[in-house]
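Worksheet: the structure to be examined is printed underneath.
Excluded from the calculations below are hydrogen atoms, water molecules and symmetry mates; all remaining heavy atoms, backbone and side chain alike, are included. Whatever order the structure lists them in is the order used to number ligands and atoms, beginning at 1.
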Amino acid sequence: MPAVARVLSGIQPSGEVHLGNYIGALRHWVADQDRNDCFYVVVDLHAITVPQEPEALRAATLDLAAILLAVGIDPERSTLFVQSHVHEHAELAWVLGCFAMFGELRRMTQFKDKAHRQREASVSVGLFSYPVLQAADILIYQADRVPVGEDQRQHLELTRDVAQRFNGRFGETFVVPEAAIPPVGARIMDLQNPTAKMSKSADSPQGTIRVTDPPDVLARKIKTAVTEIPDLEEAYAGKGYADLKRDLAEALVEFLRPLQERYRDLATDPGEIARLLEVGAAKAQAVASKTLAAVYERVGFLPRG
Ligand code: AQP
């Protein structure tokens with residue numbers, strides 16, 4: 001791996017950012033900025049693989065960018081942008097879709113889980129080919145490392161397989177990326193349903209701690225959390241298990257306070273956020289367009305003009 005690694009990761013504007021996103025991914029995005037060349041993307045193309053309201057999606061995209069800045073993504077050091085602003089992602093996804101196999105996509109657990117929640121007639125082809133678009137997001141920047149939560153491990157494996165397949169057929173074109181999955185906190189569970197991961201689209205909002213939740217909401221969610229670790233329950237039985245939850249809620253409120261203050265400040269200036277995203281999109285596109293041109297040449301597309 002080169003001295004300065006290229007890092008890429010994305011997050012969907014499909015709901016509000018939660019503690020799982022933060023612990024599994026975002027805090028590592030922030031740390032990675034110190035020594036790497038980082039690309040962070042709000043993946044709105046991915047978000048429409050399940051139904052979204054247009055105005056809500058637009059607002060959520062801008063809002064998510066504000067959260068990422070509040071969390072500590074520094075647009076001076078990292079390239080922060082919106083996926084649909086760089087059309088090369090969708091174009092590379094088409095090409096890669098011709099090198100990803102139906103059988104391997106059918107095995108993806110995220111697809112199976114999300115498809116299972118919908119009627120078959122309303123499961124989109126986009127939901128099925130989601131991992132191909134994700135492969136394009138990563139490979140188009142020649143990323144070395146992809147910091148993600150555990151739920152993305154299988155998609156990263158697919159990305160590596162597609163890159164290797166393409167390189168094997170056409171010669172070295174893509175860097176084959178490594179998944180960077182943290183040893184602790186890669187799968188934060190839902191507070192109401194401890195067998196499911198915390199997610200933006202959870203059935204019960206009580207089970208998901210949003211990083212923007214006000215103190216009283218945070219306290220209520222921690223208080224009503226289901227505990228499934230019998231040893232812990234026993235250890236605290238009768239001696240202040242409620243105290244533990246109260247202390248935890250207080251710690252969480254203090255932990256999130258600076259982030260929430262920065263978020264409130266940033267949210268007052270959407271024009272500035274849009275400007276930063278434009279700078280990011282231009283930087284991203286300069287890299288993405290080079291990779292796409294090399295890919296088009298390799299697969300045999302006739303150049304224009
Ligand atoms: N529970 C989690 N624990 C640790 N990491 C997590 N990530 C997501 N959930 C957890 C990581 O956060 C990054 C952004 O992922 P995303 O935008 O797909 O977030 P989501 O909450 O999973 O959103 P969805 O798609 O709205 O929820 P689902 O899929 O449950 O329907 C990724 O690095 C992810 O690994």
Between Glu278 and Arg275, does any side-chain N to carboxylate O distance fall below 4.0 Å? no
For residues 165-174, tabulate all N or O donor-acceptor pairs below 3.5 Å that involve a side-chain atom, not counting sequence neighbours.
| residue | atom | partner | partner atom | Å |
| --- | --- | --- | --- | --- |
| Arg165 | NH1 | Phe99 | O | 2.7 |
| Arg165 | NH1 | Glu104 | OE2 | 2.7 |
| Arg165 | NH2 | Glu104 | OE1 | 3.1 |
| Arg165 | NH2 | Glu104 | OE2 | 3.4 |
| Asn167 | OD1 | Thr173 | N | 2.9 |
| Asn167 | OD1 | Phe174 | N | 2.9 |
| Asn167 | ND2 | Phe174 | O | 2.8 |
| Thr173 | OG1 | Gly171 | O | 2.7 |
| Thr173 | OG1 | Arg298 | NH1 | 2.7 |

Side chain to side chain contact (heavy atoms under 4.5 Å, CB included) filter on Pro182, not counting sequence neighbours, yields His28, Ala186
Residue list, side chain to side chain contact (heavy atoms under 4.5 Å, CB included) with Ile23, at least two apart or on another chain: Leu19, Arg27, Ile188
Would you call the rings of Tyr296 and Phe301 parallel, tilted or perpendicular if under 30° counts as parallel and over 60° as perpendicular? perpendicular
So, the side chain of Lys245 versus the backbone of Lys223: is there a donor-acceptor pair under 3.5 Å, distance only? yes
Could you check ligand 1 for N or O atoms lying under 3.5 Å from protein N or O atoms and list the pairs with distances?
| residue | atom | partner | partner atom | Å |
| --- | --- | --- | --- | --- |
| ligand 1 | 1 (N) | Ile188 | O | 2.8 |
| ligand 1 | 1 (N) | Met198 | N | 3.4 |
| ligand 1 | 1 (N) | Met198 | O | 2.9 |
| ligand 1 | 3 (N) | Ile188 | N | 2.8 |
| ligand 1 | 5 (N) | Gly20 | O | 3.1 |
| ligand 1 | 9 (N) | Lys197 | NZ | 3.1 |
| ligand 1 | 12 (O) | Asn21 | ND2 | 3.1 |
| ligand 1 | 17 (O) | Gln12 | N | 2.9 |
| ligand 1 | 17 (O) | Lys200 | NZ | 2.6 |
| ligand 1 | 18 (O) | Gln12 | NE2 | 3.1 |
| ligand 1 | 19 (O) | Asn21 | ND2 | 3.2 |
| ligand 1 | 19 (O) | Lys200 | NZ | 2.9 |
| ligand 1 | 21 (O) | His18 | NE2 | 2.6 |
| ligand 1 | 21 (O) | Asn21 | ND2 | 3.4 |
| ligand 1 | 21 (O) | Lys200 | N | 3.2 |
| ligand 1 | 22 (O) | Lys197 | NZ | 2.4 |
| ligand 1 | 23 (O) | Lys200 | NZ | 3.2 |
| ligand 1 | 25 (O) | Gln12 | NE2 | 2.8 |
| ligand 1 | 25 (O) | Lys114 | NZ | 3.0 |
| ligand 1 | 26 (O) | Ser14 | OG | 3.1 |
| ligand 1 | 27 (O) | Ser201 | OG | 3.4 |
| ligand 1 | 29 (O) | Lys114 | NZ | 3.3 |
| ligand 1 | 30 (O) | Ser199 | OG | 2.9 |
| ligand 1 | 31 (O) | Ser201 | OG | 2.3 |
| ligand 1 | 33 (O) | Gly149 | N | 3.3 |
| ligand 1 | 35 (O) | Gly149 | N | 2.8 |
| ligand 1 | 35 (O) | Asp151 | OD1 | 2.5 |

